[in-house]
Amino acid sequence: MSARSHPFLEDLAARELIVDSTPREELAAHLGEARRSAYIGFDPTADSLHVGNLLGLTLLRRLQLRDHRPIVLVGGGTGLIGDPSGRAGERALNELETVRANAERLKRQVSRFVDFDRGANAALLVDNYEWLGSVSLIPFLRDVGKHFSINVMLAKESVSARLATGISYTEFSYQLLQAYDFRELARRHDCTMQMGGSDQWGNITAGIELIRRMDAGAAHGLTHPLVARSDGTKMGKSETGTVWLDADKTSPYEMYQFWINTPDADVIRFLKFYTFLPLAEIVALGETTEHAPEKREAQRVLAREVTQLVHGDDGLRDAETITASLFAGDVTGLSAAQLEQAFAAAPTTALAADDLGTPLVDVLVRVGLAESKRRGRELLTTGAIQVNGRKVSGADAVLSGDAVLPGGFVVLQRGKKTFHIARLEKK
RNA sequence: GGGGAGGUACCCAAGUGGCCAAAGGGGGCAGACUGUAAAUCUGCUGGCGAACGCCUUCAGAGGUUCAAAUCCUCUCCUCCCCA
């Protein structure tokens, strides 16, 4: 290993994953000398992580693949305070119980990304409530607070952005807590590096500074870009809302669809960010996109890779089967068993056998494809609705017996890519 | 404490007694085109109803009027200027 570089950093740089870092050569040397531990914090503000957290998770994975030790910090303590970064206004405080419960669930989720059973560099998971929960104010102010300059704290982007509109002392203190976390991890687990989104840079440097002052230690930091799509929209939101990593909140099929819909302009960048494919392969996909964009080869690969990473082989298989069936256009030739298999994990609503003859408008409302009957009628008259791949015309259409496929399935479709399976239950 | 400007649908914003379910833009949904793309063009965008229509809605509560987003009273909230 060269003293000037390190494969982990080279890989990240080639993938354009580095925004800020402590001096690159020093960091490379640090990583080259020995097995190191690096952490990323996740605040349990919801009961699941989402696509916005994905980049951090993959970063930890990349680190572990380079034989270093990833530490996942669940912010059970800081989550009670609220990070002001990137926020226009004060956060609503979550209840202790909620945060505790969320923290528990996050622990289970991250095991998809890092390996907790990998010998010497097995991943480690810690919850900062462990130390923050019992911090006493006076000692904290004397020992930790003393090392912070209000002038510096005020100058940080995350704080100065809020000075005009207002920020509570609680949120203002967030950076102290995050810095304290870093120092605590350094002491407890010999953690010498913190990573995070570029909005975390200020908090990370605060931690590095604190470690230097209190322990005369050297620590490093690195931030990744905050991902936005080329059209300016934030990453991680789909038409229907946040794309969660929890399969119960966002199905593998929806996850797959989210990625396959990536615009050409973003797909190569996202392959670099979110997949572990070799760069040469990604470059080749870039050429395919260039010359034959209609194949959407890069999108397909991206969707496959990420879905597999997040939901495993089973999740990917479900997503691909459902996608193939729904978008093939013709489901009428399939057997009950095939349909059963294809739609096992698709969004499904059960209908009763005697719902046959019900106006289709009502069915659309019931399964959620139409917000109201008026909307439903509008969709029907503009030709937006298809049943089993066949366009339905007329607002007065009814759900008829010949629309029912083997096994009681009816494939309802709104527009080009919104599907819902209705399943008639036998009496 | 004094003076002023405001709060309208998902967002911005027009509307100052009836023609207002409320202009325009954005966003969203759909159609055409296409590659489950982008751009563009078109339609729709409070609810119920097949429809005449009915119901709910213009910060909140009352009131005036045949009729109120529009006028009056009180309340709450936001912003600006002066002290």
Side-chain angles (χ1 to χ4, degrees), chain A residues 88-90 162-166 228-243 250-271 285-304 306-307 316 318-331 342-343 346-347 357-398 411-421:
Chain A
E90 190 79 5
R162 285 277 296 280
L163 285 180
T165 48
R229 278 185 280 209
S230 53
D231 62 4
T233 53
K234 262 187 197 162
M235 193 60 192
K237 303 279 183 194
S238 73
E239 298 79 1
T240 43
T242 305
V243 180
T250 298
S251 71
Y253 164 72
E254 291 172 281
M255 170 70 66
Y256 184 91
Q257 286 296 319
F258 172 77
W259 292 101
I260 208 163
N261 279 302
T262 304
D264 293 357
D266 296 319
V267 70
I268 297 307
R269 194 164 49 106
F270 288 0
L271 280 165
L285 284 167
E287 276 161 29
T288 310
T289 297
E290 187 89 11
H291 298 121
E294 72 284 359
K295 285 187 179 166
R296 292 174 31 256
E297 189 61 26
Q299 278 89 344
R300 235 176 283 281
V301 172
L302 177 65
R304 190 188 310 139
V306 179
T307 306
L316 174 61
D318 286 349
E320 284 187 321
T321 314
I322 296 167
T323 295
S325 307
L326 292 180
F327 287 91
D330 190 24
V331 286
F343 300 137
T358 309
L360 211 44
V361 198
D362 295 320
V363 177
L364 293 175
V365 173
R366 264 173 73 182
V367 305
L369 283 180
E371 300 78 1
S372 68
K373 295 180 77 165
R374 204 200 53 69
R375 269 291 208 198
R377 242 178 275 115
E378 184 182 307
L379 292 167
L380 282 166
T381 49
T382 54
I385 299 297
Q386 296 181 53
V387 174
N388 300 331
R390 297 244 167 80
K391 209 159 254 188
V392 175
S393 55
D396 49 358
V398 297
V411 179
L412 300 166
Q413 177 179 1
R414 182 186 77 188
K416 277 176 214 161
K417 46 191 178 184
T418 312
F419 293 88
H420 197 95
I421 309 298

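Naming: A, B, ... by sequence-line order, numbering from 1 per chain.
For A/Arg377 and B/G49, the shortest distance from a side-chain N or O to OP1 or OP2 is below 4.0 Å. Remark: A/Ser372 is in phosphate contact with B/G47, judged by side-chain N or O atoms under 4.0 Å from OP1 or OP2. Regarding contacts with the backbone of B/G35, every side-chain N or O of A/Lys295 stays at 4.0 angstrom or more from both OP1 and OP2. Note on A/Lys417: a side-chain N or O is less than 4.0 Å away from OP1 or OP2 of B/A37. Not one side-chain nitrogen or oxygen of A/Arg374 sits closer than 4.0 Å to the OP1 or OP2 atom of B/G46.
In this structure, the side chains of A/Tyr253 and A/Thr321 stay at 4.5 Å or more apart for every pair of heavy atoms. Counting heavy atoms from C-beta outward, A/Lys416 and A/Phe327 have side chains that stay 4.5 Å or more apart. Counting heavy atoms from C-beta outward, A/Leu412 and A/Ile385 have side chains that stay 4.5 Å or more apart.
Taking the P atoms as reference points, B/C74 lies 39 Å from B/G25, given to the whole Å. B/C11 and B/C72 are spaced 32 Å apart, taking the C1' atom of each and rounding to whole Å. Annotation: B/C33 and B/G46 have their P atoms spaced 28 Å apart (nearest Å). For B/A67 and B/U56, the P atoms lie 15 Å apart once the distance is rounded to whole Å. Rounded to the nearest Å, the gap between the C1' atom of B/A9 and that of B/G28 is 14 Å. Across B/C52 and B/C44, the matching P atoms stand 16 Å from one another, rounded to whole Å. If you take atom C1' in B/G15 and the same atom in B/A69, they sit 8 Å apart, rounded to whole Å. Nucleotides B/A51 and B/G60, compared at atom C1', are 37 Å apart to the nearest Å.
Between B/U45, B/A37, B/G35, one nucleotide has an atom nearer to the side chain of A/Glu294 than all others, and that is B/G35. Here the nucleotide nearest the side chain of A/Lys391, chosen from B/C33, B/G35, B/A32, is B/A32. With B/C48, B/U36, B/A37 as the candidates, the nucleotide lying closest to the side chain of A/Lys373 is B/C48. In this structure, the nucleotide among B/U36, B/G35, B/C44 sitting nearest to the side chain of A/Asp264 is B/G35. Picking from B/U36, B/G28, B/G35 the nucleotide with the shortest atom distance to the side chain of A/Gln299 gives B/G35. Closest to the side chain of A/Thr418, out of B/A30, B/U34, B/C48, is B/A30.
Within the nucleic acid shown, A/Gln257 comes within 4.0 Å of at least one base atom, counting heavy atoms only. Using a 4.0 Å heavy-atom cutoff across all strands shown, A/Thr323 reaches at least one base atom of the nucleic acid. At the heavy-atom level, A/Arg414 lies under 4.0 Å from the strands shown only through sugar-phosphate atoms.
Look at CD on A/Glu371: it is 16 Å from C1' on B/C48, rounded to the nearest Å. Straight-line distance from the CG atom of A/Leu380 to the C1' atom of B/C44: 14 Å, rounded to whole Å. A/Glu378 places its CD atom 13 Å from the P atom of B/G43, with the value rounded to the nearest Å. The distance between atom CG of A/Leu379 and atom C1' of B/C44, rounded to the nearest whole Å, is 9 Å. Whole-Å rounding puts the A/Arg300 CZ to B/G35 C1' distance at 9 Å. Atom CD of A/Glu297 is separated from atom P of B/U36 by 14 Å (rounded to the nearest Å). When rounded to the nearest whole Å, the span between CZ of A/Phe419 and C1' of B/C29 equals 16 Å. A/His291 places its NE2 atom 22 Å from the P atom of B/A37, with the value rounded to the nearest Å.
Atom CD of A/Glu290 has 12 or fewer neighbouring heavy atoms from other residues, nucleotides or ligands inside a 6.0 Å radius.
Applying the side chain to side chain contact (heavy atoms under 4.5 Å, CB included) test between A/Thr307 and each of A/Ile260, A/Thr323, A/Leu302, A/Leu316 identifies A/Leu316 as the sole match.
Nucleotide B/A59 has B/U75 as its partner under the Watson-Crick or G-U criteria, with both atom distances under 3.5 Å. Pairing of B/A14, defined by two Watson-Crick or G-U wobble distances under 3.5 Å, is not identified with any nucleotide. In this structure, B/C19 forms no base pair with any nucleotide, since neither Watson-Crick nor G-U wobble geometry is met with both distances under 3.5 Å. Across every strand in view, B/C54 sits in a pair with B/G47 that passes the Watson-Crick or G-U test at under 3.5 angstrom. With both pairing distances under 3.5 Å, B/U40 is matched to B/A32 as a Watson-Crick or G-U wobble pair.
The distance from atom CG of A/Leu364 to atom OG1 of A/Thr358, rounded to the nearest 0.5 Å, is 11.5 Å. The distance from atom CD1 of A/Ile268 to atom CD of A/Gln299, rounded to the nearest 0.5 Å, is 8.0 Å. Here the straight-line distance linking atom CG of A/Leu379 with atom OG1 of A/Thr418 works out to 10.0 Å at 0.5 Å rounding.
Looking at which nucleotide of RNA chain B each of A/Arg296 and A/Val365 is closest to, the 5′-most match is held by A/Arg296.
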